[in-house]
Amino acid sequence: MDKTYNPQDIEQRWYKHWESQGYFQPSGTGDPYCIMIPPPNVTGTLHMGHAFQDTIMDSLIRYHRMKGDNTLWQPGTDHAGISTQMVVERQLNAEGKTRHDLGRDKFVERVWDWKEESGGEITQQLRRLGASPDWSRERFTMDDGLSDSVGNVFEQLFDEGLIYRGKRLVNWDTVLHTALSDIEVLNEEENGHMWHFRYPLADEQGNATDEHLIVATTRPETMLGDSGVAVHPDDERYQHLIGKFIKLPLVGRLIPIVGDDYADPEKGTGCVKITPAHDFNDYEVGARHNLEVINIFDDSAKMNDTVPEAYIGMDRFDARKKIVTDLDALGLLDVVKDHKLMVPRGDRSGTVIEPYMTDQWYVKVAPLAGPAIEAVESGRIKFVPDNYKNMYFSWMTDVQDWCISRQIWWGHRIPAWFDDSGKVYVGKDEAAVREKYSLGSELALRQDTDVLDTWFSSALWPFSTLGWPNKTEALQTWYPTNVLVTGFDIIFFWVARMIMFGLKFMDGEVPFKEVYMHGLVRDAEGQKMSKSKGNVIDPLDVIEGITLDDLLEKRTKNLMQDHTRDSIAKATLKQFPDGIPAFGTDALRFSFAALASTGRDIRFDLQRIEGYRNFCNKLWNGARYVMMQTEDKDIGLDNPNRELSQADRWIVSRLQKTSAEVAEHFEKYRFDLAAKALYEFTWHEYCDWYLELSKPVLFADDVSDSAKHGTRYTLVTVFESILRLLHPIMPYITEEIWQDIKPLLAITDDTIMLQSYPVADNSLDDAEAESGMTWAQDFIVGIRKIRSEMDIKPGKVLPILIANWTEQDQALYASCTREILSLAKIEPVKWLTSDETAPESATALVGDMQILIPLAGLIDKDAEIKRLNREIEKINTSLQGVLGRLNNPAFTDKAPENVVAQVQKQADEQQAALDQLQQQLVKIEAM
RNA sequence: GGGUGAUUAGCUCAGUUGGUAGAGCGCUGCCCUUACAAGGCAGAUGUCAGGAGUUCAAGUCUCUUAUCACCCA
C-alpha cells in the first residue's frame, strides 16, 4: 500500500467491476427495499444538489443492500420537454435552420438522435459518484412502456371527467410560445417604474368629465385591456364612486368602478386598474364582478386587433412607450416613480413571462387532493423532517387545477382528436378513438398538437417504472416504495402529484412511505449557487481537482451579463487562490453525510471536506498498520485459545455500541450523526487508542503467542467491521482496503458491498473492560498532562509513585500494566504504603488515587504550584455550583432521588479531589 | 400580511424525554515516538440573540422583541 491515500488511483476501477458484475441488481431475497431516483433532466449535468441527494440515496441503498434487503434503486431520466427541445433547436439554428424547416416528425426524430448520442451525460456522472442504482432497469419517461402509462392515465382521467379543456390564464413564454409551470418561471426583483395615470370619470351620457381617478401601474401597455377600476369598498374617499364609470383614455371604452377588497387603500392612490386578461389577480377580481376579459396580445405579445389601430402589431414594450407618451400628451400622466418590482422570466428563454389567456388542458385536482391529504394525515406517508407536512397541507387544501398542456413538439403528444366541429375524442390512437366512439371513416379527425407537461409523466414514475399497468412482479415487490429523497422545492410539483396519482391508479396505495427532504447546497458564504453569480462548484471538480485557470474559465464563460465577469473572477481568485485540489469521491460523500442534518441548507466549504479527506488518509494508514502487523503472521484465525487483553475486549465492546448507534442513525435519516459516530470511533478510539495499545503487546518478545493472536485477531476483525460500517458512505476506499484485508480472515467473497452490515452483538458488550480502560486512560492522560505542562521531554521515561490506592486500583493496574507503561512512558510504579512519605512530586488524580511524579531534577517547583492552583481553582468553581444546589432545600426536596444522589456523588468526588490537591499544594509550598 | 425555520466557541454546526454545553476547522505550546506531518500529545475559548414566565433546575418548555432565511399571498 502507498504511504498516502490517492483516491484517483482506485475509484474508477472498482466502479467498473461492481457494475459489470451486476452487484447493483436486487438480490431477490429479503425484505423489499426500494428508492426511486428523482429522474434528472436528460439534458442536465450533475450539480452539487444532485451530488448531495444521490449520496444520501446511495448510502441508504448500500446500507439496506448490506443488511440483506431485496434492494432496488430505480434509475432513469426524464425527457425535460422544453430544455431538450431547446438544445436541439439551438443545434438547428447553428445550421441556419429552424424546427419548422424540418417539420414535427423529423424534428422529434432529430431529438431522439440527440438523446441517443449525448443525452444522459448525467448518468455517467452519477457513476463517478459511486452511485449504485440498478442500471439494467434504467428508464426514460419517453420510452415505450412509460409512454403507454401516460396515455392510459390521460384517457382514464378524461373519461372520468378529471381532465378537461379550458380557457385560463397561464404563464406564457412569448418566445417559446408555450405555457410554463410555476417552477419554470423565475421571479426576480428588477428596477422599473410606477406610472400614475389620470382616468377621467364619465358622466351620465358616458362622456369624459374633468374629474379623475388616479391609478398606478407598472405595466402601462395593459391599460388597453382594462375593463374596470377597483377601490376598497370601505374606502371613504371613493365609496361614492362605486357603480359609476370611467372613460378609458386612448380606447374610449366605458369601464365600471367596482368595490373590491383587492384594492389596498394604503397602497398608492388606493385605486387599481383591472386587466382580467393579463394579470392573475385582476382575473379573480374580474370574475367576481363580471368584468369583460379583453385579450390584447397575440402569442408573441404583440398587440392584436382588439386595440386601437395605432397600436396594432406593436411589441408590448414599444406599445408601453407609445402609450406613456400618448397619455402624457393628453395630460393624463400624473407622475412616474422609480420602482422595484418582481419580474417573472422564463428560466429557458429569459424573456418576461405573460399571464395569457389560452386554451389548455387541465387536471381537476380537488377530487384527487382529498385522498392525498388523508394519506399524510393518517401517517401512511411520513415527512422527514415532520414539519414539511404543514407546507404540504397548506398547498393541498388550496390547490389550483393543473395545466398539463405545453405548446411544444418534444414530449408525450396529447392523445386527443378533434373533429371539424371541435368535438373531442380521447383514446390510445386514432383507430382506437374511432372504435371507442364508433366514428365512421368519413369523419375527419386531427390530433391535438400539444404535448403533456413533463411533470405529468414524472408523477407516474413510482409505478410506471415498475411496469404498470401490467401487474409485474417488480410492481408487486417494490410498490409502495420505501422513501423518496428530494428537495422541498418540488414538493408541490412532483411529490404531491406522485401521491395523488399513486393513490388514484394503484388502488389507494401510497407511492412511498416516507419523504426525506434535504436542504439546499450553498456556497461557503451561504449564497445560493448559480451560474449568474459565478459561485457554482462542480462536484466533479471537487473529486478530481481543478486548476485556478480552468475554474476561472468555467465560471466566466457564457455569462449573460458581461460586467459581472470581473467580480466573479475576483471572488474566485480570493476563495480558491490555488484552484481546488482533488479530494476524491469518498471525502465528498462523507462531507455530504456529515453535513446532512434535519433538512437544513448546508454550506459547502472546502476546509470541511479537507478534514474528511484527512479522515480517509487516516483510515488508509490505519490499514497499513493493521496489514503490517498481521500480513504473513499468525492471527490465530482457527485457534479458539486466542487470549484477549482488556484493550482487545474494550475495542470490541466499543464496536458494538458504535454499530448500534450507526444503525439507529441510518434508520432515522441522521446521516450527520452516523458520520460523526463513525469518525469518532475510527479515529479517536480505534486509531488513537487501540492501535497504540496493540503496540506494546505486538512489539514485545515476552508476550505469549495466544495473547499476540488475540490482539492481531482483534486488530483485523474490528478494522474489517469498520470498513463495512463505513462502506455505505465511503464505498471506494473501503472496497480497496477490504480487498487487502479479506485474505487475512479467509474471506473468499468478491466484494465488500455485498457483505453483511455489522450488527451490534450485546454478548460482546464488556462493561468491565470499558471501566478498566477508562481507568487506564485517566492514568495515562494524567501523566501526559503533567509531562506537557511541566515541559518534560516526551521520550523521558518517568519513575512513578502511587499513593492513597486501593486493592481495586492495583487490580486495574495489573490488568493493563504493559499498555500503561508503554503509552505513559513510565517505569513500573511503586505503591506507597500509608506509613511511607512521598518525596516532593507533581500529582495527578485517578479517582482518589494519587499518581506522583517525583520532582527531583525534573520538575520546577514553582511551575507545579502554579499548575496545582489552576487545577484547584477549576475544581473549586465547579464544586461551588454543585454545593449551591445541594444546600438548596427546594432542590433536595423536590428533585428526583437519583438526580440528588448523582449530584451528591459529584460533590463528594470533587471535594475529595480538592482536598488531595490542596494537601499536595501545602506540601510542595513547604519545601 | 400569513406560515415555517434559524440565532450556541473566531468560523461551520451537533445538542435525545428539562439535570448546568460538545465536535470539526482555526488558534497556542511541545514533538519527525518504526501506520499516518493530510500526523501525535497537550491546551485556551461561550451572558447558548435580548427580555419575561413555568420549574428545585431552561440551550431545551411557554410568551414576547429583534435580526436573518425560505414558502405562500
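Computed from a predicted model, the values in this text were never measured in an experiment. Here is how names work: the chains are called A, B, and so on, in the same order as the sequence lines, proteins then strands, and each is numbered from 1.
- B:A58 is unpaired under the criterion used here, namely a Watson-Crick or G-U wobble arrangement in which both key atom distances are under 3.5 Å.
- The closest side-chain heavy-atom distance from A:Asp261 to A:His232 is below 4.5 Å.
- Taking atom CZ on A:Phe393 and atom C1' on B:C72, their separation rounds to 17 Å, with Å as the unit.
- For A:Tyr5, taking side-chain heavy atoms from C-beta onward, the closest of the listed nucleotides B:G15, B:A38, B:A35 is B:A38.
- Taking the P atoms as reference points, B:C61 lies 9 Å from B:U17, given to the whole Å.
- Looking at A:Glu692 and A:Lys695, a side-chain N of the basic residue comes within less than 4.0 Å of a carboxylate O on the acidic one, giving a salt bridge.
- On the C1' atoms, B:U4 is 29 Å away from B:G46, given to the nearest whole Å.
- Cation-pi geometry between A:Arg784 and A:Trp689 is met: the NZ or CZ atom falls under 6.0 Å from the ring centre, inside 45° of the normal.
- Under a cut-off of 6.0 angstrom, the local environment of NZ in A:Lys668 is sparse, with at most 12 non-hydrogen atoms contributed by other residues, nucleotides or ligands.
- Distance A:Glu789 CD to B:A42 P: 11 Å, rounded to the nearest Å.
- Checked for salt-bridge contact, A:Glu789 and A:Arg870 meet the test: a charged N lies under 4.0 Å from a carboxylate O.
- Comparing A:Leu673 and A:Ala623 by the nucleotide of RNA chain B that holds the closest heavy atom to each, the one mapping nearer the 5' end is A:Leu673.
- When the options A:Leu798, A:Ile800, A:Val797 are evaluated for a side-chain contact (heavy atoms from CB on, under 4.5 Å) with A:Glu827, the one that passes is A:Val797.
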Might you list the N or O atoms of the protein lying below 3.5 Å from N or O atoms in nucleotides 5-11 of chain B, with each pair's distance?
none

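- Aromatic pair A:Phe671/A:Phe592: centroids not less than 6.0 angstrom apart.
- The partner of B:G5, taking Watson-Crick or G-U wobble pairs whose two distances both stay under 3.5 Å, is B:C68.
- Taking every side-chain heavy atom of A:Arg613 into account, B:A38 is the closest of B:C70, B:A38, B:A35.
- The pair A:Asp672-A:Arg670 meets the salt-bridge criterion, since a charged nitrogen lies less than 4.0 angstrom from a carboxylate oxygen.
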Per-nucleotide protein contact string for nucleotides 18-31 of chain B, where B marks a base within reach and S marks sugar-phosphate only (heavy atoms under 4.0 Å, - for neither): -BB---SS---B--
